[in-house]
> 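Here it is, the structure, as structure tokens.
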Amino acid sequence: MYLNGDTAFLVWMVPDPGSLALVLGMVGRSDANGNGRCCSDKAELEQGVDGCSIFDDGADKRVIGVDEGLGGAYTNAVEKVQPVASLLESLLDVEDQGTVLIGHHSQIPNFGTLWDWMTVEMKCLLAEVTAAFDVAGRCHQDAVVFERLYLTPQVSNGRRLQVSPSRWWSDRGCTVWFTGLSGAGKTSIAFELEAYLIQHGIPAYGLDGDNMRTGLNKDLGFSKQDREENIRRVAEVAKLFADAGQICLCSFVSPFAEDRELARRIHRDNDLPFFEVFVDCPLLICEQRDTKGLYQKARQGTIKGFTGIDQPYEKPEHPDLVVKTIDSTIEESMLHVVEMLQENGIVPLVEDDYDKVLELFVPKNRLAAANEEAATLPKLNMNFLDLQWLQKKKQ
Ligand SMILES: Nc1ncnc2c1ncn2[C@@H]1O[C@H](COP(=O)(O)OS(=O)(=O)O)[C@@H](OP(=O)(O)O)[C@H]1O
Ligand SMILES: Nc1ncnc2c1ncn2[C@@H]1O[C@H](COP(=O)(O)OP(=O)(O)O)[C@@H](O)[C@H]1O
């Protein structure tokens with residue numbers, strides 16, 4: 001095989017009059033600007049690939065090109081790209097690693113326009129071709145082109161939905177942002193909600209100080225600037241989770257309104273739903289709870305800059321939801337959030353709409369209602385084993 005670490009792989013778009021041709025080629029690293037040589041058909045391409053030197057013009061330029069003559073309507077292009085992609089994949093050994101270069105013929109006045117025009121499938125295919133080689137990207141001619149290829153999602157949510165194990169996956173990604181004093185109940189509610197959602201087949205993932213401040217954000221403390229950066233990074237991560245179809249549950253004190261606004265903006269700019277939930281609990285109660293013993297330390301002055309003690313907490317002025325956590329159970333508080341998600345079409349309203357987890361045991365939060373209903377129904381004595389068989393039968 002002729003490819004090695006010094007060889008580049010070039011995906012080259014060239015226009016035909018009235019149509020589009022895709023040139024996929026490999027060029028020596030030293031000559032990334034080579035003019036693509038085009039074969040007229042697949043046979044010629046294969047011949048060219050086998051005898052690569054045919055295309056060696058003597059200037060350290062090894063181009064294997066194919067003019068697939070995508071011809072006619074641009075929308076047919078995918079079918080034409082597919083065989084080329086497969087062909088190249090089959091021709092390249094796994095250990096052949098080159099640099100992926102995305103270039104375009106100078107005749108294309110504006111690749112951006114072309115990119116906008118390309119269907120998602122075409123972009124995916126282009127990405128597949130390049131990703132197939134596990135290569136590091138390097139830019140040729142037009143950095144924007146290359147960046148665009150990688151920055152644009154390669155799998156649309158629609159596509160993801162098709163292979164999703166759950167109907168509720170993919171198109172309902174969002175972020176629920178819990179803000180409130182330490183000890184207010186953010187984490188307890190988020191954990192309860194995560195369990196509830198997972199039980200209903202809805203993918204959810206919780207981010208909090210424990211998993212963010214010990215890893216990605218372990219360089220950050222609690223100064224105003226560090227908190228701002230903490231929230232910014234968390235919001236960026238949450239955005240990705242939401243984009244991947246998860247319900248991302250973020251529990252952060254996030255005491256400053258402008259930081260929370262930034263988190264919202266990061267989501268809004270990406271068309272992802274963002275819900276700010278103010279977990280409202282008076283400082284006095286939080287201090288009494290003192291779940292981690294930190295208030296005491298803050299009062300003693302061992303910890304400086306503790307929110308609510310010697311740093312401010314700016315209450316949200318227009319949160320999407322306020323959940324008060326005194327005089328209510330964690331479960332009740334959690335169900336308020338579920339209601340909000342139902343109202344916003346994130347969580348289905350009717351039980352039947354769920355992708356049912358094949359589980360006959362009633363979840364804790366529905367136990368009281370189920371018992372009430374059960375009291376009105378005909379009775380049949382069953383032991384635990386009978387129940388297990390019934391479960392098995394259901395599956
Ligand atoms: N100075 C100070 N102020 C507030 N909180 C403090 C501080 N130092 C440590 N802790 C503990 O860290 C948790 C807050 O981290 P966050 O990442 O949520 O903070 S922030 O959003 O960046 O403000 C918070 O956890 P929770 O109790 O879960 O909210 C505290 O236990
Ligand atoms: N309705 C409620 N919602 C959430 N937590 C509650 C509620 N009622 C009491 N609590 C208690 O308050 C404490 C909240 O702690 P935690 O969830 O760690 O708060 P935070 O993450 O905001 O610091 C827990 O001990 C929890 O059991």
Side-chain angles (χ1 to χ4, degrees), residues 175-196 204-238 248-264 266 274 276-316 319 321-340 364-365:
T175 290
V176 181
W177 191 280
F178 296 97
T179 172
L181 293 170
S182 174
K186 305 178 294 295
T187 316
S188 303
I189 297 173
F191 280 177
E192 189 85 359
L193 179 58
E194 188 178 16
Y196 175 96
Y205 193 84
L207 299 178
D208 58 20
D210 285 343
N211 55 23
M212 293 300 291
R213 280 188 173 273
T214 50
L216 181 64
N217 294 353
K218 69 176 174 192
D219 56 323
L220 301 174
F222 292 92
S223 66
K224 188 172 186 313
Q225 290 78 2
D226 277 8
R227 288 183 198 254
E228 179 186 337
E229 178 60 9
N230 183 40
I231 298 312
R232 189 192 69 78
R233 288 186 203 168
V234 170
E236 289 290 351
V237 172
C248 189
L249 309 171
C250 297
S251 317
F252 294 88
V253 173
S254 41
F256 300 111
E258 61 178 1
D259 300 347
R260 297 191 300 262
E261 188 46 41
L262 172 73
R264 186 187 286 278
I266 285 170
F274 178 91
E276 185 182 43
V277 177
F278 175 31
V279 182
D280 190 6
C281 185
L283 177 65
L284 191 69
I285 305 294
C286 293
E287 232 182 311
Q288 279 167 9
R289 288 178 180 167
D290 205 3
T291 44
K292 299 175 181 167
L294 294 177
Y295 280 100
Q296 196 184 1
K297 288 190 179 152
R299 287 289 182 199
Q300 289 164 349
T302 328
I303 298 179
K304 299 274 181 237
F306 199 81
T307 308
I309 306 297
D310 54 351
Q311 254 200 26
Y313 177 79
E314 298 171 4
K315 285 189 182 181
L321 182 71
V322 180
V323 178
K324 293 189 185 293
T325 62
I326 34 172
D327 301 328
S328 59
T329 64
I330 299 174
E331 197 177 316
E332 285 163 349
S333 300
M334 177 274 289
L335 288 172
H336 286 308
V337 187
V338 171
E339 274 164 31
M340 179 197 68
K364 242 184 1 182
N365 64 304

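Atoms within a ligand are numbered from 1 in the order they appear, just like the ligands themselves. Because the structure is predicted, anything quoted here is derived from the model rather than measured.
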> Please list, by chain and number, the protein residues whose heavy atoms come under 4.0 Å of ligand 2.
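Within 4.0 Å of ligand 2, the protein residues are L181, S182, G183, A184, G185, K186, T187, S188, I189, R289, T291, T325, S328, T329, I330, S333.
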
> Contact between V253 and K186 at the side-chain level, heavy atoms closer than 4.5 Å - yes or no?
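Side-chain contact under 4.5 Å: yes.
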
> With F252, which residues qualify under ring-ring contact (aromatic ring centres under 6.0 Å, His included), at least two apart?
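With sequence neighbours excluded, F252 shows a ring-ring contact (aromatic ring centres under 6.0 Å, His included) to W177, given in chain and number order.
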
> If you define the side chain from C-beta out and look only at heavy atoms, does anything of F191 sit under 4.5 Å from S251?
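Of all side-chain heavy-atom pairs linking S251 with F191, none is under 4.5 Å.
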
> If you count every heavy atom of other residues, nucleotides or ligands that lies below 6.0 Å from Q296 atom CD, does the total exceed 12?
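Open.
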
> Would you say the side chain of Y313 lies within less than 4.5 Å of the side chain of L283, judging by non-hydrogen atoms?
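The answer is no, as the side chains (C-beta and beyond) never meet within the 4.5 Å cut-off.
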
> Distance under 4.0 Å, heavy atoms only, partner ligand 1: which residues pass?
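For ligand 1, the contacting residues are S182, G183, K186, T187, R213, F222, R227, N230, I231, F252, V253, S254, P255, K292, L294, K304, G305, F306, T307.
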
> So do Y196 and V337 actually touch side chain to side chain, heavy atoms under 4.5 Å?
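V337 does not reach Y196 side chain to side chain.
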
> Provide the closest heavy-atom pair for C286 versus S182 in the form atom of the first, atom of the second, distance.
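In this case the closest contact between C286 and S182 is CB-O, 3.4 Å.
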
> Can you pull the salt bridge (Lys or Arg N to Asp or Glu O under 4.0 Å) pairs that have at least one residue in residues 210-228, sequence neighbours excluded?
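As it turns out, the salt bridge (Lys or Arg N to Asp or Glu O under 4.0 Å) pairs with a partner in residues 210-228, which skip direct neighbours, are D219-R233, K224-E258.
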
> For A257, is there any backbone N or O sitting under 3.5 Å from a side-chain donor or acceptor partner on E314?
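Present.
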
